[in-house]
2 protein chains.
Amino acid sequence: MTKAGKTVLIVDDEAPIREMIAVALEMAGYECIEAASTQEAHAQIIDKKPDLILLDWMLPGTSGVEFARRLKREDRTSELPIIMLTAKGEEDNKVQGLEAGADDYITKPFSPRELVARLKAVLRRTTPQGVEEPIEVQGLTLDPVCHRVTSHDKPIDIGPTEYRLLQFFMTHQERAYSRAQLLDQVWGGNVYVEERTVDVHIRRLRKALGEAHEHLIQTVRGTGYRFSTKAS
Amino acid sequence: MTKAGKTVLIVDDEAPIREMIAVALEMAGYECIEAASTQEAHAQIIDKKPDLILLDWMLPGTSGVEFARRLKREDRTSELPIIMLTAKGEEDNKVQGLEAGADDYITKPFSPRELVARLKAVLRRTTPQGVEEPIEVQGLTLDPVCHRVTSHDKPIDIGPTEYRLLQFFMTHQERAYSRAQLLDQVWGGNVYVEERTVDVHIRRLRKALGEAHEHLIQTVRGTGYRFSTKAS
DNA sequence: GTGGGCTGTCACAAAATTGTCACGAAAGAT
DNA sequence: ATCTTTCGTGACAATTTTGTGACAGCCCAC
């Protein structure tokens with residue numbers, strides 16, 4: 001499965017440390033970008049829009065705390081979660097760190113496990129999950145909370161990809177999408193799969209929906225597919 | 001609504017510290033009672049029935065850890081959430097603290113803000129939302145008061161973790177949860193265990209429930225698990 | 001200390017999902 | 001009508017995700 005990997009910016013002046021962290025995070029399915037200074041970090045934030053920052057306490061030039069404080073003050077970045085990294089012995093600064101706006105705080109040395117765990121926790125805490133209302137169309141219901149699709153209350157069994165595909169369609173009705181667009185939206189931007197694969201999943205989805213609903217997914221010849229309540 | 005101000009018991013042998021904490025908590029709308037020793041603490045618990053305990057690690061006589069362990073073992077107090085306070089340099093002990101049953105730990109010095117935040121988090125996590133009414137689903141009953149699970153009045157024997165897992169599921173039916181969410185909710189946010197551990201406990205729970213009820217716990221492929229009375 | 005109950009992890013088995021193909025059917029285009 | 005594209009389908013093998021049994025460490029009651 002290609003999870004919508006979150007991007008993490010690692011800010012530390014020691015390259016080996018950055019590497020180590022990057023390796024750990026990438027193994028856990030995160031995308032990593034790095035920066036050795038606050039200047040670089042700032043550029044990266046604007047450029048790559050990470051979902052979280054791992055920020056070393058000790059940095060040449062602007063200190064980590066100062067940088068954190070600044071980020072939290074700026075409107076554009078105030079929501080960006082920050083985890084502070086501090087070496088053992090700097091523990092007194094923890095209060096400062098948290099008050100500067102850090103969302104969590106990890107003391108070196110730490111295990112990759114701990115890092116990943118806390119990172120997950122922070123992301124979970126800070127990623128607001130929008131209100132997820134069930135979507136219903138002609139007796140076909142997709143409930144994102146229960147992660148379930150039903151046809152007139154009868155459960156429909158589909159795989160994860162078909163589920164995402166249907167979810168995308170139901171939240172984007174009446175409009176035609178090319179295979180490439182669907183791959184982007186449903187599979188995630190940076191995976192390479194054949195465009196025809198979309199056809200296969202469309203087919204599986206239609207089959208699962210059964211005669212009652214398969215007509216909702218219409219093929220737009222020469223272009224792609226469309227989810228529509230109107231007859232084609 | 002009359003906000004039922006929660007009562008917090010502060011156990012620390014240094015009066016100034018107690019005072020400082022009390023002031024911070026009262027400003028945040030909590031009621032505070034204090035104790036300088038475990039003996040006093042015990043009396044206060046019985047007398048005032050606090051909703052949470054802030055427990056210093058270092059205490060004359062019975063140590064904080066020991067006291068925590070004892071509280072968690074006693075039936076009457078096992079549900080009482082505990083936050084451990086540890087001074088700088090004792091951080092190595094945090095594992096011990098958590099294993100003794102503490103729900104969170106805070107390292108001195110800490111900011112009032114941090115204290116209140118974590119206290120809230122712990123209360124949110126541990127305060128059962130529902131009333132203490134037994135929950136029954138298709139002959140499967142979980143009685144939070146007796147701390148027992150029965151299938152058509154026949155007792156079912158499960159471990160503490162399985163119990164909490166089942167309780168969580170029965171109070172959050174129909175909704176799908178990821179392994180991470182379950183770890184958060186059932187294990188508590190500050191411990192790190194492998195996500196696959198959830199699978200194992202799900203397995204144990206299913207086995208304990210037996211054929212009669214195991215279908216209530218459904219696996220949501222690619223996502224996690226769900227407790228549902230409807231067929232999958 | 002000793003036995004029993006719980007837990008967290010593994011390694012491996014079982015099951016479900018996925019991406020591709022090859023081939024036939026449909027729909028346009030000439 | 002015939003040729004060309006484009007789309008629908010069933011089959012597969014590879015890969016992922018779950019289910020399970022076994023195990024070692026731990027704590028506690030005896």
Side-chain angles (χ1 to χ4, degrees), chain A residues 1-3 27 29 111 113-114 117 147 149 156-166 176-180 182-183 186-188 191-209 211 214-215 217-226 232, chain B residues 65-66 68-75 78 95-102 147 156-166 176-180 182-183 186-188 190-209 211 214-215 217-226 232:
Chain A
M1 182 182 117
T2 330
K3 217 157 57 179
M27 273 189 350
S111 70
R113 273 185 184 188
E114 184 183 1
H147 211 275
V149 180
I156 290 181
D157 185 47
I158 55 180
T161 303
E162 280 75 51
Y163 179 88
R164 290 199 306 277
L165 187 55
L166 181 60
Y177 292 93
S178 69
R179 294 172 175 71
L182 290 172
L183 283 178
V186 179
W187 273 253
V191 287
Y192 174 68
V193 287
E194 292 291 329
E195 290 205 339
R196 285 307 302 281
T197 298
V198 175
D199 295 323
V200 178
H201 282 277
I202 287 281
R203 146 82 176 143
R204 287 170 180 159
L205 182 51
R206 278 175 171 158
K207 190 146 127 190
L209 292 183
E211 289 183 24
E214 63 181 357
H215 66 278
I217 296 181
Q218 304 164 357
T219 117
V220 183
R221 209 178 168 79
T223 304
Y225 298 92
R226 170 179 52 200
S232 65
Chain B
V65 222
E66 193 41 54
R69 207 190 302 277
R70 210 191 299 157
L71 286 176
K72 285 296 176 185
R73 212 175 316 152
E74 261 187 66
D75 222 42
S78 68
V95 177
Q96 272 184 63
L98 290 175
E99 293 200 333
H147 221 266
I156 289 181
D157 185 45
I158 55 180
T161 305
E162 280 74 51
Y163 178 85
R164 289 200 307 279
L165 188 55
L166 181 59
Y177 292 94
S178 68
R179 293 170 175 73
L182 290 172
L183 284 178
V186 178
W187 274 253
N190 45 23
V191 287
Y192 176 65
V193 290
E194 292 289 333
E195 291 202 340
R196 285 300 250 98
T197 299
V198 174
D199 295 62
V200 178
H201 282 277
I202 287 280
R203 148 84 174 142
R204 289 171 180 160
L205 182 51
R206 278 175 171 158
K207 194 151 140 189
L209 292 183
E211 287 184 28
E214 63 181 357
H215 66 278
I217 296 182
Q218 303 167 355
T219 118
V220 184
R221 277 241 154 204
T223 301
Y225 298 92
R226 170 179 52 202
S232 67

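Within every chain, numbering begins at 1; the chains are lettered A, B, ... in the order of the sequence lines, protein sequences first and strands thereafter.
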Listed pairs, N/O of protein and of nucleotides 11-15 of chain D, under 3.5 Å:
none

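- B/Glu162 comes within contact range of the sugar-phosphate backbone alone, with a heavy-atom separation under 4.0 Å but no base atom that close.
- Partners of B/Arg196 under the salt bridge (Lys or Arg N to Asp or Glu O under 4.0 Å) rule, at least two apart in sequence or in another chain, are B/Asp199.
- For the atom pair CD1 (A/Ile217) and CG (A/Leu205), the distance works out to 3.5 Å, reported to the nearest 0.5 Å.
- The structure places CD1 of A/Ile202 at 9.0 Å from OG1 of A/Thr219, a figure rounded to the nearest 0.5 Å.
- In this structure, B/Leu205 atom CG and D/dG19 atom P are separated by 12 Å, rounded to whole Å.
- The CD atom of B/Glu214 sits 8 Å away from the P atom of D/dT20 (whole-angstrom rounding).
- Residue A/Trp187 places at least one side-chain N or O closer than 4.0 Å to OP1 or OP2 of C/dG19.
- If you measure from atom CD1 of A/Ile202 to atom C1' of D/dT6, you get 15 Å, rounded to the nearest angstrom.
- Between A/Ala208 and A/Ile158, the closest heavy-atom pair is CB-CG2, 3.3 Å.
- Where B/Lys207 and B/Thr223 each meet DNA chain D at their nearest nucleotide, the meeting point lying more 5' is that of B/Thr223.
- Rounded to whole Å, atom C1' of D/dC28 lies 10 Å from atom CZ of B/Arg69.
- Taking side-chain N and O atoms only, A/Thr161 has no distance below 4.0 Å to OP1 or OP2 of C/dT17.
- B/Gly222 approaches A/Pro160 most closely through the heavy-atom pair CA-CG, 4.3 Å.
- Bending across the helix from C/dG1-D/dC30 to C/dT30-D/dA1, expressed as the angle between its end axes from five pairs apiece, amounts to 20° (10° rounding).
- A/Tyr225 comes within 4.0 angstrom of the backbone, heavy atoms only, and of no base.
- Residue B/Arg206 holds its CZ atom at 13.0 Å from CD of B/Glu162, rounded to the nearest 0.5 Å.
- For the side-chain hydrogen bond (donor to acceptor under 3.5 Å, both in side chains) test, residues two or more places apart in sequence or in another chain that qualify with A/Arg226 are A/Gln218.
- Here C/dG19 presents its C1' atom at 11 Å from CG of A/Leu183, a figure rounded to the nearest Å.
- For the pair B/Arg179 CZ and D/dT18 C1', the interatomic distance rounds to 7 Å; values are reported in whole Å.
- Computed from coordinates, the B/Glu195 CD to D/dT18 C1' distance equals 13 Å when rounded to whole Å.
- Annotation: side chain to side chain contact (heavy atoms under 4.5 Å, CB included) contacts of B/Glu195 (sequence neighbours excluded): A/Lys120, B/Arg179, B/Ala180, B/Leu183.
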What does nucleotides 22-30 of chain C look like as a protein-contact string, B for base, S for sugar-phosphate only, - for none, at under 4.0 angstrom between heavy atoms? ----BB---
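- Partners of B/Glu194 according to the salt bridge (Lys or Arg N to Asp or Glu O under 4.0 Å) rule, which considers only residues two or more places apart in sequence or in another chain, are A/Arg113.
- Residue-to-nucleotide proximity on DNA chain C shows that, of B/Val193 and A/Tyr192, the 5′-proximal contact is made by B/Val193.
- Counting to the nearest Å, the P atom of C/dC21 and the CG atom of A/Asp199 are 13 Å from each other.
- Residues B/Asp157 and B/Glu194 each lie close to DNA chain C; by heavy-atom proximity, the contact nearer the 5' end of the strand is made by B/Asp157.
- Heavy atoms of B/Thr219 sit under 4.0 angstrom from primed sugar atoms or phosphate atoms, though from no base atom.
- B/Thr161 is linked by a side chain to side chain contact (heavy atoms under 4.5 Å, CB included) to B/Arg164, B/Trp187, B/His201, counting only residues two or more places apart in sequence or in another chain.
- For B/Thr223, the side chain to side chain contact (heavy atoms under 4.5 Å, CB included) criterion is met by A/His147, B/Val220, not counting sequence neighbours.
- The ring-ring contact (aromatic ring centres under 6.0 Å, His included) test applied to B/Tyr225 returns no partner, not counting sequence neighbours.
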